[in-house]
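Heavy atoms only: backbone and side chains are in, while hydrogens, waters and symmetry mates are out. Nothing fancy with the numbering, it's 1 onward along the sequence.
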Amino acid sequence: MIDFDFTANHVLEDEIALLRPLKEGDIECLLQFAHQPDIWSFATQKGDTEEDLKKYLLLAIEGRKAKKEYPFVIIDKRTNAYAGSSRFYDIKLNQHNLNLGYTWYGQQFHGTGLNKHCKYLLFDFAFNNGFERVEFAADTTNVRSVAAMKSVGCTVEGILRSNVIRLDGSRRDTIVLSMLKKEWEHTLRQKLEDKL
């Protein structure tokens, strides 16, 4: 069993990215992203209105209090601007596994390299805190997200067919990818470092 402290304020940063625990005081600064509908086209929780984004973020904060999730707010240190959010979820302390997802960035941060810096920090944190496996799941039609996960070294494990209902009521296939601690330590940390 991993002894992970959900109450601790884990801050992850390098010269480009700052990730710190999401708190209620951040919500007002993130509401601007409700007005970028492309961010939410693959979401399984509504965030495309200020009211829905506020609910989305409050649920993430509640998930931390319930010791089920650990959400981060993302700051781009180059501009000192709020850039988005990501979180650990489906955390299985007894299995040393967690999922990394609910990741989104404002459109102005797409293609800036910020995501690679965030993923590096999140992987390093997870694997240095006793986790052995980090899993991702995405809509198979979310080409940008799937490509991003592959580009940081994740392995495709398979497709879960028709397993999630989209916000529009249609059903999606979900692609599952993962990274293992031994892969990170042996080759993938250095490969990702080289891309930063």
Side-chain angles (χ1 to χ4, degrees), residues 2-93 97-110 112-131 134-139 142 144-145 148 164-167:
I2 293 174
D3 183 23
F4 181 76
D5 188 355
F6 286 85
T7 64
N9 287 318
H10 301 292
V11 176
L12 321 180
E13 67 179 311
D14 64 10
E15 70 280 6
I16 300 292
L18 169 66
L19 296 96
R20 58 171 173 71
L22 176 68
K23 56 186 190 294
E24 284 194 42
D26 296 316
I27 292 176
E28 284 300 315
C29 297
L30 291 169
L31 291 182
Q32 60 181 307
F33 300 115
H35 306 293
Q36 296 183 7
D38 286 354
I39 296 175
W40 307 104
S41 55
F42 295 101
T44 55
Q45 291 179 6
K46 281 182 68 62
D48 59 353
T49 69
E50 290 192 7
E51 182 182 342
D52 285 330
L53 183 50
K54 189 172 186 178
K55 286 180 191 171
Y56 173 104
L57 295 167
L58 286 171
L59 277 172
I61 292 167
E62 287 302 314
R64 180 182 174 198
K65 289 177 186 171
K67 299 185 177 181
K68 294 180 179 178
E69 302 181 348
Y70 197 95
F72 293 92
V73 66
I74 299 167
I75 307 292
D76 186 326
K77 289 174 67 174
R78 294 167 292 192
T79 56
N80 203 31
Y82 279 82
S85 183
S86 188
R87 72 182 92 153
F88 295 129
Y89 70 100
D90 197 15
I91 300 169
K92 297 184 176 92
L93 299 177
N97 297 339
L98 53 73
N99 283 43
L100 175 53
Y102 295 94
T103 302
W104 52 268
Y105 301 91
Q107 289 170 320
Q108 63 269 44
F109 300 98
H110 291 187
T112 66
L114 181 61
N115 182 54
K116 279 188 171 58
H117 283 265
C118 291
K119 290 296 187 291
Y120 180 91
L121 292 166
L122 289 161
F123 284 134
D124 216 42
F125 177 81
F127 293 133
N128 285 335
N129 279 277
F131 292 95
V134 176
E135 182 177 309
F136 297 84
D139 191 316
N142 189 346
R144 176 189 290 274
S145 183
V164 173
I165 299 173
R166 294 184 178 104
L167 291 175

Return yes if some donor-acceptor pair links the side-chain N/O of [X] with the main-chain N/O of [Y] below 3.5 Å, else return no.
X: Asp52; Y: Asp48; result: no
X: Asp124; Y: Tyr120; result: no
X: Tyr89; Y: Gly63; result: no
X: Arg64; Y: Pro71; result: no

Give, for atom [atom1] of [X] and atom [atom2] of [Y], the distance between the pair rounded to the nearest 0.5 Å.
X: Leu98; Y: Ile2; atom1: CG; atom2: CD1; answer: 7.5 Å
X: Asp3; Y: Asn129; atom1: CG; atom2: CG; answer: 10.0 Å
X: Leu57; Y: Asp26; atom1: CG; atom2: CG; answer: 8.5 Å
X: Glu50; Y: Gln32; atom1: CD; atom2: CD; answer: 10.0 Å
X: Arg87; Y: Asn99; atom1: CZ; atom2: CG; answer: 11.5 Å
X: Ile165; Y: Thr44; atom1: CD1; atom2: OG1; answer: 11.5 Å

| said: Between Phe109 and Ile74, is there a side-chain heavy-atom distance shorter than 4.5 Å? | reply: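 Not touching, per the 4.5 Å side-chain cut-off.
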| said: Is any side-chain heavy atom of Lys67 closer than 4.5 Å to one of Leu93? | reply: no
| task | Give the ring-plane orientation class for Phe123 versus Phe136, where under 30° counts as parallel, over 60° as perpendicular and anything between as tilted. | result | perpendicular
Restricting to non-hydrogen atoms, name the atom on [X] and the atom on [Y] that form the minimum distance, rounded to 0.1 Å.
X: Tyr56; Y: Lys46; answer: CB-O, 3.8 Å
X: Leu100; Y: Val134; answer: CB-CG1, 3.8 Å
X: Trp40; Y: Gln45; answer: CE3-O, 4.4 Å
X: Phe33; Y: Tyr82; answer: CZ-O, 3.3 Å
X: His117; Y: Asp14; answer: ND1-OD2, 2.7 Å
X: Ala60; Y: Leu22; answer: CB-CD2, 4.0 Å

| request: Go through the steps to decide whether Arg78 and Thr112 satisfy the test side chain to side chain contact (heavy atoms under 4.5 Å, CB included), and finish with yes or no. | output: CA-CA 11 Å; Arg78 294 167 292 192; Thr112 66; 3.4 Å; yes
| Does Glu51 pair with Lys54 as a salt bridge, N-O distance under 4.0 Å? |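 Lys54 and Glu51: not salt-bridged.
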| task | In sequence, state the C-alpha distance, the side-chain angles, and the governing distance for Asp90 and Glu135, and then conclude on side chain to side chain contact (heavy atoms under 4.5 Å, CB included). | result | CA-CA 10 Å; Asp90 197 15; Glu135 182 177 309; 5.9 Å; no
| message | Pair Phe72, Phe88 - check ring pair (Phe, Tyr, Trp, His ring centres under 6.0 Å), show working. | response | CA-CA 8 Å; Phe72 293 92; Phe88 295 129; 5.7 Å; yes
| field | Over 12 non-hydrogen atoms of neighbours within 6.0 angstrom of CG in Asp5 | value | yes
